Structure formats: structure tokens, C-alpha cells
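Following: one structure in C-alpha cells, then a few remarks.
In the text below, chain A, chain B and the rest are named by the order of the sequence lines, each starting its count at 1. Here the structure is a predicted model, which means the values were calculated and not measured.
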Amino acid sequence: MNAPAVTPEPLQLVLGEEELLVDRAVRAALEAARLADPTADLTRVRVADLTTPLLTELVSPSLFAEARVVVLEAAHEASQEIADAIISYGRNPADGVVLVVLHSGGGRSKVAKALPAALKKAGAKVTECPKLTKASEREEFVRHEIRVAGGRTDAAAVAALIETVGSDLRELASAAAQLVADTDGKVDENAVRRYHNGRAEVNGFAVAEKAVVGDLPGALEALRWAMQLGVPHVLVADALADAVRTVARVAPLGRIDPFKSAGELGMPPWKIRKAMGQTRGWHPAGLADAMQIVAQLNADVKGAAADPGYALELAIIKIARAHRRA
Amino acid sequence: MTVVWSQVVGQAEAVEVLTKAANAAAMIVRGEQAAAGGMTHAWLFTGPPGSGRSVAARAFAAALQCDSGTGCGECSGCRTTMAGTHADVRLVVPEGLSISVAEMRALVQTAARRPTNGRWQVVIIEDADRLTEGAANALLKAVEEPPERTVFLLCAPSDHPDDVSVTIRSRCRGVSLRIPPAKAIAEVLVERDSVDPDTAQWAASVCGGHVGRARRLATDEAARERRAAVLRIPLGLRRPGDVFTLADELVKAAETEASEQSESRDEVEREALKTALGAGGTGKGTASATRGSAGALKELERRQKSRATRTQRDTLDLALVDLAGFYRDVLVTNSGSDAALNHPDHANDARTAAASWSPESTLRRLEAVLACREALELNVKPRIAVEAMVTTLYYG
């Protein structure tokens, strides 16, 4: 039997909610344990189903000293009793047992919230898996995936991949790996376009953003994509109404400080700043028209029109006309 | 005029018809031969909001249940009917947005029973215009061939097909109520609600013929304040930014009204239902008693939500009616007619507005208010509809 280069960490804490990354952390822990002992087996238990005796049984060394990986899922639901048991075990882990605690980082009770800190103090190895919310993080993730799979890429290809695949990390990761395999490692925009096309995610806001700046072709294209993807008509109509009223509120005020006016207007500063960029080309009369158009649209998509899809397209065309109107 | 009919304000003709019918009904109960056409088994009360449709229907029901057959207001039949507790009088008062088929089917079942006191089984449907199409059809059969001693009293704003389906309408005898004159309203406010004569006069002149609204305005300071706030809108629109401030005020007021009402009632109702379903008990078997009660609670929440939406819409609608009245006053002033104003206490504002707006633009504003009422009916988000309306009010 090969002597392992490193012994696996006996206590590990996986912190965060990004499913794919959490899965990977668990798999890494299992692989590390199998390096030490190929017969190591995996047990997954939800903390909510766990009792103290069961935990004690799971983490007790067995008679034949087989290696074991115990994964405690959803530790943010832990009760006082279980949390205490986990922490007290963590201070004094058994040989040959790897305990992996999955914690969302949140939690309802005070004990559950305090659990990560206590485990860190007990010397747990921490793997952070926070949700990727920013576009830049997602791009970084794709670049990393391609690099790990042994490929090279550029910014245009990454942007194209995210546009066509969407923001689900699991899908992005598998698409990246597949592309590297298909293209001998050189992933550029052409390669991405060859295997993927279309748009994965278009919401009402994307349509509205284009419509209020007078980009008629762009807005209509985005609308068609949104309809293809099954975005409800009402959501697109609401997004349009919100965009128009935001511009109408901000436009008469001229140049203002978004942070100062946020409270008065009841909108977050970023929204005000965005709307200030969109006010160019709008005249008061045109905005008044646009307000009527979106109000009519709201009735149309709720059953007043025979075809809500047509009503949406018509409204977007009318808004573009109102935008040009002086 | 006997006591129950005095509740029906300024409707002499209707009261006469109904009194005759009640007399004929009393003869039928005594087993005598009544004149043909004296009594009818289905009635449709129509009239503008506030003219007292449901009050008239209740008074008629009381007269039917009255021991003397006249609506004396003294016997137990009259008193329980007016209080809404008579065993043979079913009241359908929708608090939600519509009356469902299920509700109507259940009602048709109970309406088929014989009256417990040997007089009449009366079914009153207030707001028959809220019957869904299916519900109206479920009711149709019963209205067409009612059991011998069952009377249906339906109330609706008008007998227009939009309000009451033609099939129902053709099977009912119509009673149309008119807008009660301001003098009659003021009188009833003084007599019944002991409001001082000046306030009563004022409330009667501004209520637009709505008796309930007149009483509210005469007795409720908050209602007066809300009306004043609404009537400040037309001349308060000076800068483009005012559009959103004033629209926001309108919508917020409606939301507050709805949430205040639900706060005071929802939790109490929830607790009452939970207790009725066996929650809060202790000891053996209490857990199994509450099993399956989640569905009933959800159903209650659904009804409460529908009620809150309706309150919000009704409050907004009231404001819009006041607003429409003001623009009508401007048109009246503009034309130099001496027709009575909806808001005589804001005659100065109307004159100022008439001097600065052309009749066309006033009419456009009036249309915008009416369009907004329709939009709310179509389930458009209140904020979007109101903002679009106020934008038109500003630009004209």
C-alpha cells in the first residue's frame, strides 16, 4: 500500500451555498481520504435528521480501523445539542475519520450562526464556496475552468459562453470542459459560436433597458428571445413600466447627486444613476406618452388584448416613437 | 310610512311599489287570494351607488317577514331582518372581488328550503354585479323557477348587461332607485345620526347623492381629510415632479386604508379559525385534531387577500369619483350653466381652473380619470394606472 503524502484533514468546514463548489469540496475530501485508504467510504447525513448518539456512532473509530468520510449537510439547521456535539468532537477528532461540515453561512438560530466560528477555532480546514453573483466573478470562474481543463481562452470567448449558456455554474463548467476537449485547448469566440448559439437568459429588464434608450431593433430582438425563453408577458410589461416611470421621475430633476436624492425618490442610487444616463433624447411630452403606453400595456397583457405578445411588440415600437418625439 | 321604509331615503315611488307587493305577500301568507301581479318572486334593485339599493332590499325583506305585513319595525321579524340575523333571510355580501360559482350553488340549495316561520325564504344578493358568469348561470335556474315561498332580491348599479346578465335580468321585476335629493339626505343625517344641521347640509351637498358617503363625511374626520387631499390634486400639479408625489399620495392612502383594515381583522379571524379547528388544545390527541387544517387556513388567507385588494380598489375608486366630479364642475362652470356642482365647497377652485383650461383639455382630464377607473377594473397595477392618469391631468 502506498504511504500517503499527506494525511487528510480530519475536520473540514465547507462554507457557502454554491452547489457545484460544495460538491467539489466534498469530492476533494473523499479523494484525499481514499489516497490514504482506498476503502474509505462516504456517509451523508442531514443535520436536521441527526441525533447525538447517531453522530457519536458515525464518528467513532471502527474495530477494523477503516477510513471514513462523514458529511454533515445543512449544518445551518443545527440545534444547540447537535452543534455542541459537533464542536466537542471537532476539538478532539478520531483517527481515520474525516468529518466534513456543510454550512450555508447563515442560519436561523444563534447556535447555528456561531457554528462556523467555533469550528474554525477548533482548527477546521475551511473551504469557502460563496454564491457567484457578479458578472466578473462568473467570468473568472469560466476562465479558471478552461485553464484547469488544459485550455486557453480570451475575454470575448468567455463573454460569448456566458451569454449563450447562462449563469448556472454546473452548466458553465461542463460546457467549458467540453469545449476544451473539442477544440484541442484553444477556446476562442469562433469555437464557442460554433457549438453554442442563442441566448440563455434574457429578462424583462434587458428588454426595458434597450427600449427606453430608443434602441428599437435591440429591444425587439431581446423581446423575441425573452418570449422564446418563456418569460411571462406580465414581467416584461412591468419591467417596461418601471423603466419608463424611473426615467420620467429622474428626467425633470436634471443633474442630481444619486446618493442625496435616493431617499427622496425612494430608489437605490445605482438605479438613479442608470436612469440619468437614459434620460437623453426624452422630452416631457414624449415621456407623458410613454407613461400612457405602458399603462395601456399593463391592461393588455392582463387580458385586455387578444394577443399579449403583439401588444408587447407594439408598445415597444410606440415607446421608441415617443422617444424620438420632441 | 312605517318604520322600516323610513330608512329608504327619498325613494317615494319605489317604496310605494314595494309596500303594495308586501301587502300582497301578506295576503298570500294568510291564505287569501292576492291580486295577480301583486307579489313577484325575483326582484332587481338598480340605482347609482349610495342610493340605498341594499337598504331598500333589506327593508322589503323586513316587510315580508313582518308579523303585520307592513314593516312595522317593532316585531321580531322586522328587527331581526334589519339586524341581519333572521333565520329565513340569507344575505350575500361579497367582501372579495367576485361571487364564486361554489357560493351560488350552496345558496341555491338553501334557498330551496321552506321558510322556518311559515312566511318567506328571502335571499338578498348585494352587488349582484359581482357575480361571475358561472355564478350567474348557477343562480339562473333558481330565479327562473323558485320554490313557492322563496324570494330573490338582487342589487346592482344598473340593469345593463355589463352589470347583470340579460338572462337574470329578464326573470326579475325591476325596482329603480334614483339619486336621493340633497335635502332628503340632510334630513336623514340630522334625524338618524344626530349630525348638526350645518354639517349635514354640507355633507349632503358634496356626497354626490351617496347616503353612506354623506354619513361618513359628516361623522369621520379622516374621510373629510382624504377628500380634501384628493381635491387638492387638480390645482396642486405645478411642476412635472408633482405628478409622482401626488400619485404616490393617492396610492399610499389606498394601501394604508387596506392594510389598516386587514391588520385589525386578519389576525383575529385567523386565531378564531385556528381555535375552531382545534389548535391550542393540550393533552392527548390534540395534534391529530389540527391535522389537515392547513388547507382551511390557506383558504381564509386567500379570501383575506381578495378583501384587501378590494378595499384598496374601492378606496382608490372613491378618490377617482371625487376627482371626476371636480372636472365635471369645471366643465359646468365653463359652460355658464347653473346646474348644481358636485363640490360646491370647491367652486372657487373650479372657477380658477375654468379660466385657465380650455374645455377640450378639461374633458381630456375627465376622460383620463374615467380611463383610470376602467384600468383598475382590468387589474392594472394601481401605481402604474394612477401615475399615467396624473400625467394626463398635468399636461391636459
Original post:
In terms of heavy-atom proximity below 4.5 Å to chain A, should B/Arg383 be classed as side chain, backbone, both, or neither?
Top reply: side chain
Around [X], counting heavy atoms of other residues, nucleotides and ligands shown, do more than 12 lie under 6.0 Å from its [atom1]?
| X | atom1 | value |
| --- | --- | --- |
| A/Arg138 | CZ | yes |
| B/Glu271 | CD | yes |
| B/Glu299 | CD | yes |
| B/Arg313 | CZ | yes |
| A/Gln228 | CD | no |
| A/Lys131 | NZ | yes |

Out of curiosity, [X] [atom1] to [Y] [atom2], how far, rounded to the nearest 0.5 Å?
| X | Y | atom1 | atom2 | answer |
| --- | --- | --- | --- | --- |
| A/Met291 | B/Met389 | CE | CE | 11.0 Å |
| B/Glu387 | A/Arg249 | CD | CZ | 7.0 Å |
| A/Asp289 | B/Tyr395 | CG | OH | 9.5 Å |

Original post:
Pick from A/Pro284, A/Ala290, A/Ala251: which one has the most heavy-atom pairs with chain B under 4.5 Å?
Top reply: A/Pro284
Original post:
Quick one: of A/Leu297, A/Asp238, A/Val294, who has the most non-hydrogen atom pairs under 4.5 Å with chain B?
Top reply: A/Asp238
Subject >> Largest heavy-atom contact set with chain A, pairs under 4.5 Å, which of B/Asp248, B/Val243, B/Val380 >> reply: B/Val380
Region of [X] in contact with chain B, defined by heavy-atom distances below 4.5 Å:
| X | value |
| --- | --- |
| A/Pro252 | side chain |
| A/Asp300 | neither |
| A/Ala248 | both |

Original post:
Is there a side-chain contact between A/Gln292 and B/Thr391, using heavy atoms and a 4.5 Å cut-off?
Top reply: yes
**OP:** Decide yes or no for A/Arg245 and B/Ile384: does some side-chain heavy atom of the first lie under 4.5 Å from some side-chain heavy atom of the second?
**Re:** no
